[in-house]
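Below: the structure, in structure tokens.
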There are 2 protein chains.
Amino acid sequence: MASIQDVASLAGVHRSTVSRIINGEGKFRADTKRKVEMAMAELNYRPSAIARSLATASSNMAGLLVTYYTGGFFGEMMEQVQAELDNHNKFLITAQGHLSAEGEREAIRRFHHLRCEGYVLNSRYLPDDELHLLAQEPTPFVLLDRQVAGLESRCITFNHRLAAKQAVSYLIAQGHRKIACISGSLSRASSFQRYQGYVEALQEAGITQADGWAEEGNYSRESGYRAAQSIYQACPDITALFSCSEEMTLGALLFFHQHNVAIPQQLSLISFDSVGLCASLYPPVSEVHFPIRDMAQAAVQLLVSQIHGQPVEMRCHFQPELRLRDSVRPLPAVDGL
Amino acid sequence: MASIQDVASLAGVHRSTVSRIINGEGKFRADTKRKVEMAMAELNYRPSAIARSLATASSNMAGLLVTYYTGGFFGEMMEQVQAELDNHNKFLITAQGHLSAEGEREAIRRFHHLRCEGYVLNSRYLPDDELHLLAQEPTPFVLLDRQVAGLESRCITFNHRLAAKQAVSYLIAQGHRKIACISGSLSRASSFQRYQGYVEALQEAGITQADGWAEEGNYSRESGYRAAQSIYQACPDITALFSCSEEMTLGALLFFHQHNVAIPQQLSLISFDSVGLCASLYPPVSEVHFPIRDMAQAAVQLLVSQIHGQPVEMRCHFQPELRLRDSVRPLPAVDGL
DNA sequence: CTGAAAGCGCTAACAA
DNA sequence: TTGTTAGCGCTTTCAG
């Protein structure tokens with residue numbers, strides 16, 4: 001592959017001139033410019049981002065850590081991050097953390113190795129203290145959907161607890177009192193917060209949570225199916241169900257369809273969603289919307305501002321939004337209550 | 001960030017020694033090795049992949065072009081590509097082609113710019129002749145799910161026509177004769193091939209395709225919904241429907257549910273699928289499986305073999321597989337036929 | 001087993 | 001407006 005020197009030789013100029021013309025720095029004689037451009041075209045010259053990085057001590061790359069690439073959710077994140085990075089002409093390096101701290105560590109190692117100018121972490125497993133250590137290093141990073149005390153200026157957050165509480169309170173406002181919950185893994189902070197929101201909404205309404213109402217899944221369809229099964233078999237008298245992710249909702253819905261539980265006639269359903277799946281299900285499922293797209297975009301904007309060292313005014317805390325559809329039935333008021 | 005020179009100085013050795021130790025080349029006095037390792041630890045030294053790339057003239061990166069990151073399908077591809085690349089310790093650079101030849105060109109430019117050692121192209125818009133031109137250049141690439149005459153050794157392919165034909169022939173074998181089709185955009189080669197398979201199956205069975213049986217979508221849920229609507233309003237007498245993608249199937253299913261068209265009692269349904277969505281719908285939808293995961297894995301293996309210049313024996317042509325579930329009802333034989 | 005020196009492709013003062 | 005020079009951080013002969 002042709003180098004800048006090859007172009008310079010062919011054009012009969014010095015390589016620094018070629019460099020300037022490529023980067024549009026300064027003025028050149030029209031003739032020189034033409035010669036250089038012809039030479040570049042003739043040699044099919046493409047500047048080496050690598051050499052440029054080394055010379056300028058800036059890689060022009062940014063990293064993004066996600067758990068997995070599959071499943072839609074992370075695709076939304078990547079899409080926004082790439083789009084925002086394109087605006088700044090930066091390359092995106094992605095890495096998967098799989099489901100372990102070591103996986104996440106390895107991803108970050110990779111970012112450092114490539115001298116990424118900064119990176120966005122959708123980290124679920126790295127402990128807070130390691131994050132604090134990382135924050136001592138010069139490479140900026142921002143945490144997407146994670147709250148770490150002392151690192152507030154790097155956090156893009158969402159109030160999972162409040163979101164869940166709003167969803168469940170809505171069910172309660174519709175007259176429901178026997179409300180089950182399919183949660184994500186309770187060992188994950190955001191999943192646990194969603195579960196807490198559920199509990200809190202019940203408490204505030206003076207409802208005592210019965211055994212068997214809450215079942216723990218892992219955000220997969222299969223776990224949603226199984227959880228729905230456990231719940232329904234243990235507590236066939238529930239009138240409403242709150243599902244903590246769209247994928248689990250899909251699984252749960254399959255179970256209910258298969259067992260002729262009509263939604264919303266026999267059972268009302270409300271779900272977390274961030275990729276817009278709920279709207280396409282039957283019946284269209286009411287959701288609390290988790291705005292991962294907006295958050296991902298904000299994360300990159302924050303990151304870029306940190307890279308440039310220019311603090312910027314921006315929203316870092318995002319709010320839930322209820323999107324009501326056909327899966328919740330108001331319960332007729334019961335006499336004597 | 002500490003450089004190799006910093007480490008060398010601190011350890012009191014020459015930087016080339018440090019380099020050798022890092023790369024495990026040759027033998028060293030235990031003492032030297034220890035000193036160097038301590039220095040690296042103390043300085044929290046991380047070798048620069050960029051400098052290394054420049055010095056070795058190999059970037060250790062591979063590119064992957066997809067249309068979009070969202071929607072699940074491309075996530076499956078990326079997942080496999082990343083996993084396979086991890087085996088070879090290569091970095092993955094992803095880029096989106098959006099929906100244009102120019103977008104794809106830009107992505108490839110980016111790969112060259114970063115001096116990727118090779119790249120996998122899930123290209124839908126770059127014309128064949130441009131691909132031939134690209135093939136003249138030294139950087140290897142492989143085409144994932146695309147057949148280009150003259151570039152066979154770089155193609156990982158799938159027989160879309162046959163897959164569609166198998167699906168539709170299955171419907172016919174179950175007694176169906178009035179069979180509609182929701183196709184993808186007919187201007188896309190693979191979508192067109194699927195449509196052709198549908199047509200061919202009908203023809204072989206001596207069935208004349210009626211007006212309104214075929215509707216063109218664009219692989220989105222919404223287009224599936226609209227297509228189902230058009231088809232069903234124009235031809236309420238169809239007994240079966242073949243949908244060319246899982247997302248369109250989701251949309252179509254919503255339409256049928258909303259309009260009380262029972263699947264499979266009133267209408268049988270079979271769909272293309274590659275991400276396993278059909279199994280989670282209600283009713284579970286029978287599918288022709290498009291093995292994008294296996295194909296993506298094969299693509300990287302082929303690419304790596306081309307990068308190393310060691311041709312390898314491998315399967316480059318993949319076959320469809322019918323996965324039968326509950327969405328197709330055998331039609332009772334009609335007397336006198 | 002280790003050091004010296006050259007160079008990968010490019011940029012960035014500094015001169016001219 | 002253009003050329004000269006000195007690196008960026010690392011690898012890789014070639015000596016010793």
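Chain identifiers are assigned alphabetically (A, B, ...) following the order of the sequence lines, protein sequences preceding nucleic acid strands; residue numbering begins at 1 within each chain.
Contacts of B/K90 classified as salt bridge (Lys or Arg N to Asp or Glu O under 4.0 Å), with partners at least two apart in sequence or in another chain: B/E117. Take A/F74 and apply the ring pair (Phe, Tyr, Trp, His ring centres under 6.0 Å) test, not counting sequence neighbours, and it matches no residue. By the ring pair (Phe, Tyr, Trp, His ring centres under 6.0 Å) test, A/H98 pairs with A/Y68, sequence neighbours left out. For A/F158, the ring pair (Phe, Tyr, Trp, His ring centres under 6.0 Å) test picks out A/H160, A/F290, with sequence neighbours left out.
In this structure, CD of A/E25 is placed 14 Å from C1' of D/dT2, rounded to the nearest angstrom. As rounded to whole Å, 8 Å separates atom P of D/dG9 from atom CG of B/D6. B/Q5 has its CD atom 13 Å from the P atom of D/dG7, to the nearest Å.
Rounding to the nearest 0.5 Å gives a distance of 12.0 Å between CD of A/E25 and OG1 of A/T17.
A/L114 and A/M61 get closest at one heavy-atom pair: O-CE, 3.9 Å. Pairing each heavy atom of A/C116 with each of A/A62, the nearest pair is SG-C, 4.0 Å.
Taking 4.0 Å as the cutoff to heavy atoms of chain A, we find the contact window on DNA chain C bounded by C/dG9 to C/dA13.
Other residues, nucleotides and ligands contribute more than 12 heavy atoms inside 6.0 Å of the CE atom of B/M1.
Overall bending of the helix from C/dC1-D/dG16 to C/dA16-D/dT1, expressed as the angle between end axes built from five pairs apiece, is 30° (10° steps).
Of the residues in residues 46-60 of chain B, B/L54, B/A55 come within less than 4.0 Å of DNA chain C through at least one heavy atom, sorted by number. For DNA chain D, the residues of residues 10-17 of chain B within the heavy-atom distance limit of 4.0 Å (strictly under) are B/R15, B/S16, sorted by number. For the segment residues 28-40 of chain A, residues with any heavy atom less than 4.0 angstrom from an atom of DNA chain D are, sorted by number, A/F28, A/R29, A/T32.
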Please tabulate, for the side chains in residues 41-49 of chain B, all donor-acceptor contacts under 3.5 angstrom to protein atoms that are two or more places apart in sequence or on a different chain.
residue : atom : partner : partner atom : Å
B/N44   : OD1  : B/R46   : NH2          : 3.1
B/R46   : NH2  : A/E137  : OE1          : 2.4
B/R46   : NH2  : A/E137  : OE2          : 2.7
B/S48   : OG   : B/I50   : N            : 3.3
B/S48   : OG   : B/A51   : N            : 3.0

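A salt bridge is absent between A/E37 and A/R34; no separation between the charged side-chain nitrogens and carboxylate oxygens falls under 4.0 Å.
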Nucleotides 14-16 of chain D: which of its N/O atoms have a protein N/O under 3.5 Å away?
none

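The stretch residues 9-22 of chain A participates, sequence neighbours left out, in no salt bridge (Lys or Arg N to Asp or Glu O under 4.0 Å) pair at all.
Shown are B/V300, B/L64, B/I93; of these, the side chain to side chain contact (heavy atoms under 4.5 Å, CB included) with B/L85 is made only by B/V300.
When the nearest nucleotides of DNA chain C are assigned to A/A2 and B/G26 by heavy-atom distance, the more 5′-ward of the two goes with B/G26.
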